[in-house]
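Have a look at the structure below, then the notes.
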Amino acid sequence: MKRRDAIKKLSVLPLAGAAIGSTLPIGSCTTGHAAEKRDLFKELDVTPVINCRGTITILSGSLMLPEVMEAINQTSEQFVDMFELQDKAGEKIAEMLRCEAAMVTSGAAGAMTLATAATITGTDREKIRLLPNLPGPRPEVIIQKTHRLGFDHQIRNCGVTLVEVEGPAEMEQAINSNTVMAFFFNAARSHSISHEDFVAIARKHNIPTLNDAAADVPPVENLFKYQEMGFDLVTFSGGKMLHGPQSAGLLFGRKDLIEAAKLNNNPYGDSIGRGMKVNKEEIFGMYAALKAYLEKDHEKEWQEWLDRITYIGDRLAGIPTLTCETVLPAGVANAFPSMDISWDQGRVRITPQDAAGALRTGTPSIHAGSRDGALNIQVILLKPEWVDIVAGRIKEILEQAVYV
Ligand SMILES: *Cc1c(COP(=O)(O)O)cnc(C)c1O
């Protein structure tokens, strides 16, 4: 259909938009026309964003690898038995991660709930049905004071009490017959109980441990480290640096606990995990993401990140008083290089916050961080063609602010 014909057709439709002469979504009416590719961002008027903030959920995490999209597309045309898929994907993932058992969850957050549920109910169908309101005393989960995190709601939603402890002696004292699990936040700023002591104390009292390492690759070795240390369960996000589906994650470790977690999960209807569904494509996609991540040349990828930082720094070289610094976070989460850009605000008269604001409201919209007097640019999620665009926009904004 020629565009003129399409417009003609449109004009006979009783569209309110036509009457007031507003811009009609002509493109969307000519889909199927080979020359015009459907643009869903336009169709819903949603602004695509260049992400220089990192793998954060509010910016939709990370982009899925081509291998993941291939898995999703390739498996979308058939039906499967979801029990079989979860079991077989889990077996393969467990093999890859050198542990007893594994499952794909709805992110690390979903894994936290299923892990907690598993330690409360085991394979008891009645308890699974009653969760989170079991009769009797509330189950307790041990957590270090410094390990409280914004995600601990995903543990509390199983109807447990979080028991905060500080130091090994307090942990040991806190354990009682209601204790179901000991939760460890791997990337916490400080640990009053070391990984090793935590595992040893829990083991001694037969309390299962869960380590939340959601954002803790790279390095790739971390995918193996914590089960080797003796944690009974470990979780990683699928949608962060593993570049899997944003709504998927991994829970792995002890076989009996993974079995119990599966019983608390969809596709079982009367379960706490029923609302944490991961579709079959994303289960395949999560498997494909893990496989691709394990096979990746991590040194080469790291070098590419450093090269991007160098490139952006070089493009900004002419701006007076400007300094670019490659920074690594202190902790184990998001442990990859980014760049801090700073300047003398007497000479370049814009705050890092306002520079970030200008990047965000410009075209294309670029989301960057600002902290401690510096503009922070995360380069790990940039497509190659975005690097120059980001550099150009920063240059433009800062050059306009130079006081002469
Ligand atoms: C991101 C994150 C989560 C949640 O992971 P999702 O995969 O988004 O569900 C949980 N814990 C920590 C420490 C995280 O960084």
Can you confirm if the aromatic rings of [Y] and [X] lie within a centre distance of less than 6.0 Å?
| X | Y | value |
| --- | --- | --- |
| H195 | F184 | yes |
| H243 | Y293 | no |
| F252 | Y226 | no |

**Report entry** Q74 atom CD, neighbour heavy-atom count above 12 within 6.0 Å
**Finding:**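 Count not over threshold, so no.
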Requested in this report: Tell me, yes or no, whether the heavy-atom count around Q78 atom CD, taken from other residues, nucleotides or ligands under 6.0 Å, exceeds 12.
Outcome: no
Any luck finding a side-chain donor-acceptor pair between [X] and [Y] under 3.5 Å?
| X | Y | result |
| --- | --- | --- |
| S192 | Q144 | yes |
| D216 | N222 | no |
| T235 | D212 | no |

Query - Residue pairs involving residues 313-331 (criterion side-chain hydrogen bond (donor to acceptor under 3.5 Å, both in side chains); sequence neighbours excluded) - result: R315-D388, T323-S342
Between [X] and [Y] (side chain of the first, backbone of the second, donor and acceptor by atom type, cut-off under 3.5 Å), is there such a pair?
| X | Y | answer |
| --- | --- | --- |
| S237 | G107 | no |
| Q227 | L223 | yes |
| R53 | I58 | no |
| T105 | G110 | no |

Query - K291 bridged to E67 by N-O distance under 4.0 Å - result: no
Requested in this report: Salt-bridge test for K395 and E399: reply yes if a basic N is under 4.0 Å from a carboxylate O, no otherwise.
Outcome: yes
Requested in this report: Before giving the answer on side-chain contact (heavy atoms from CB on, under 4.5 Å), spell out for L250 and M286 the whole-Å C-alpha distance, their side-chain angles and the decisive distance to 0.1 Å.
Outcome: CA-CA 8 Å; L250 298 169; M286 188 64 248; 3.9 Å; yes
